[in-house]
K.L.:
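Below are the structure tokens for one structure; questions will follow.
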Amino acid sequence: MKILVVNAGSSSIKFQLIDTKFDKLMAKGTLYRIGEKLGPENNVTFKANGKIFEDRKEIVGFNEGVKIIIDLLTNKNIGVLKRISEIEAIGHRIVQGAETFKKSTLITPKVIQQIEDLTPLAPLHQPGHIAGIKGFLSNLPNVPMVAVFDTVFHTTMPAYASRYAIPEIAYKKWKIRRYGAHGTSHKYISEQLEKLVGYKGKFIICHIGNGASISAVNKGRCLDTSMGFTPLEGLVMGTRSGDIEPTIITRVMEMTNKSAQEVISWLNKECGLLGVSGVSNDIRDVQKAAQDGNKNAKLAIDMFNYRIKKYIGAYAAALGGVDAIAFTAGTGENRPEVREQALRGLEFMGISIDNAKNENFERGVVQDITGKNSKAKIFIIPTDEEGMIAKETAEIVSKIQK
Ligand code: AMP
């Protein structure tokens, strides 16, 4: 099935055309500055058939954005699709499904309304998703669309892991609980681990990218995850602080005259690796600065790796042991020193890494980097969120077509 996977943000659309029958990426692209003023740079990128096309175009809204995508996909000179009707379904990545959605769902007018109703829980993401869905709906009204939620995989968490220790009204009325994120990636990696070890075991999945989260998975079900009510909680990230004591917020408000919302934005956008190092949110830059003697950069890296280790220890305890650990996403897949430092000293728990295999890893492929006497298997597994969205979309659409 040819599935268009769409990730619509507040002013952007990222898309991939995937043929699920052959597991083949046919084309991918990004549109930026939708509904915004044009900048000096190209804001349309499209990759297909080994070529890259770039353009600088005013895009007044999502409707127009979708028209551009359709034109690119059917452009005769590029040669991806003969007709747009070859697209059999569209899968939309949706950040917040809360407790409304426990699985991926065919998009209907009711589902659009339900996604919109969750806007207070993800104000930065949900409006872009809705605009994207509506843009495709008005241009391709007959193509079935599926919503795949970042939170669904985490809906299996027991209440003792998902709830915060605050009165029930906060959960019942204010909808405050741990929702987690990166669920599509965690689910994909969990399924890959099952294939690799041959059974549904006790897994710890480290999705370490610019945003980062860890999950504890027991027999295919998420037991706990580090992101919380929003993606701010948990690990040290590129620009997010991760775990923080809440009264720090009022202290910063008092010291800076910032509003609560401004402090939350600061914790999301100006902290983490960037805030501590003062160098960059990209771990490659921070690591380089640390090697060149920048003490704050060294501290940022140490905090980053230590936090991962702390969660691995906590989740091993929560699971009552660990059969396999996986590293995925930009940093997890590409930075051997992060994997090594996060696992260093865990031999007492039966966890050890093969340093040579870890350092001489091959990019973009699954790799076993388990140490000689390790009881737990350690893997690098490239994530494939888009492939997973395409797969789930194809499954749902084939069911309704039967
Ligand atoms: P992601 O959010 O999964 O796209 O991960 C992006 C982050 O991965 C970047 O901000 C980098 O800090 C980190 N990273 C580390 N090494 C690499 C690499 N070789 N290629 C891409 N990203 C990398």
Side-chain angles (χ1 to χ4, degrees), residues 5 7 9 12-16 25 28-30 32 45 47 93 95 124-125 150 153 180-190 192 205-215 225-227 230-242 268-292 294 296-308 311 326-343 358-367 369 379-389:
V5 175
N7 184 355
S12 68
I13 303 178
K14 298 189 181 115
F15 60 96
Q16 290 195 1
L25 175 62
K28 67 192 269 189
T30 43
Y32 289 111
T45 310
K47 294 183 194 168
R93 177 208 177 205
V95 160
L124 301 179
H125 293 99
D150 253 14
F153 185 62
H182 294 146
T184 309
S185 175
H186 286 286
K187 182 175 181 193
Y188 173 77
I189 300 295
S190 165
Q192 299 308 304
I205 297 165
C206 309
H207 175 112
I208 318 288
N210 192 34
S213 64
I214 300 203
S215 63
T225 193
S226 59
M227 282 180 168
T230 76
L232 182 54
E233 196 179 340
L235 300 175
V236 176
M237 308 181 212
T239 60
R240 295 190 188 112
S241 63
N268 270 295
K269 296 183 180 156
E270 296 177 51
C271 294
L273 285 176
L274 171 68
V276 178
S277 69
V279 173
S280 165
N281 67 315
D282 191 312
I283 197 155
R284 290 167 286 192
D285 303 333
V286 184
Q287 208 118 35
K288 165 110 194 15
Q291 275 155 8
D292 293 345
N294 181 324
N296 287 336
K298 163 101 174 50
L299 176 63
I301 297 283
D302 287 346
M303 289 169 77
F304 187 87
N305 297 333
Y306 172 72
R307 189 81 56 89
I308 301 172
Y311 268 93
F327 287 90
T328 192
T331 300
E333 291 169 32
N334 293 300
R335 306 308 299 186
E337 60 288 337
V338 170
R339 297 188 293 258
E340 195 273 322
Q341 280 187 43
L343 299 183
N358 180 44
E359 271 159 38
N360 303 314
F361 72 104
E362 197 184 327
R363 281 176 209 275
V365 289
V366 172
Q367 252 148 111
I369 51 168
F379 294 100
I380 305 168
I381 307 179
T383 195
D384 186 11
E385 287 167 285
E386 289 79 13
M388 192 75 192
I389 294 173

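When a ligand or atom number is given, it counts from 1 through the structure's own listing order.
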K.L.:
Which option wins on minimum heavy-atom distance to atom 6 (C) of ligand 1: Asn210, Thr331, Asn334?
P.N.:
Asn210
K.L.:
Could you measure the distance from the OG atom of Ser241 to the CD atom of Glu233? Nearest 0.5 Å is fine.
P.N.:
10.0 Å
K.L.:
Which atoms from ligand 1 have a heavy atom of Ala329 less than 4.0 Å away?
P.N.:
3 (O)
K.L.:
Under 4.0 Å from ligand 1, counting heavy atoms only, is it the side chain of Asp282, its backbone, both or neither?
P.N.:
both
K.L.:
Which residue supplies the protein heavy atom nearest to atom 15 (C) of ligand 1, what is that atom called, and how far is it?
P.N.:
Arg335 CD, 3.3 Å
K.L.:
Can you classify the ring geometry of His207 versus His186 as parallel (below 30°), tilted (30 to 60°) or perpendicular (above 60°)?
P.N.:
tilted
K.L.:
Could you identify the single nearest non-hydrogen protein atom to atom 3 (O) of ligand 1 and state the distance to 0.1 Å?
P.N.:
Gly330 N, 2.9 Å
K.L.:
Looking only at protein heavy atoms, identify the closest one to atom 19 (N) of ligand 1 and say how far it is in Å.
P.N.:
Arg363 NH1, 3.2 Å
K.L.:
Any idea which atoms of ligand 1 are less than 4.0 Å away from a heavy-atom of Gly209?
P.N.:
1 (P), 2 (O), 3 (O), 5 (O)
K.L.:
Given His182, Arg284, Met237, Gln287, which has its nearest heavy atom closest to atom 18 (C) of ligand 1?
P.N.:
Arg284
K.L.:
From Asn281 CG over to Thr239 OG1, what is the distance, rounded to the nearest 0.5 angstrom?
P.N.:
6.0 Å
K.L.:
Regarding Arg335 and the six-membered ring of Phe304, is the cationic atom NZ or CZ under 6.0 Å from the ring centre and inside 45° of its axis?
P.N.:
no
K.L.:
Only one of Asp282, Ile283, Ile308, Leu273 clears side chain to side chain contact (heavy atoms under 4.5 Å, CB included) with Thr331; which?
P.N.:
Ile283
K.L.:
Consider only side-chain N and O atoms of Thr383 and Ser185, and report whether a donor and an acceptor are under 3.5 Å apart.
P.N.:
yes
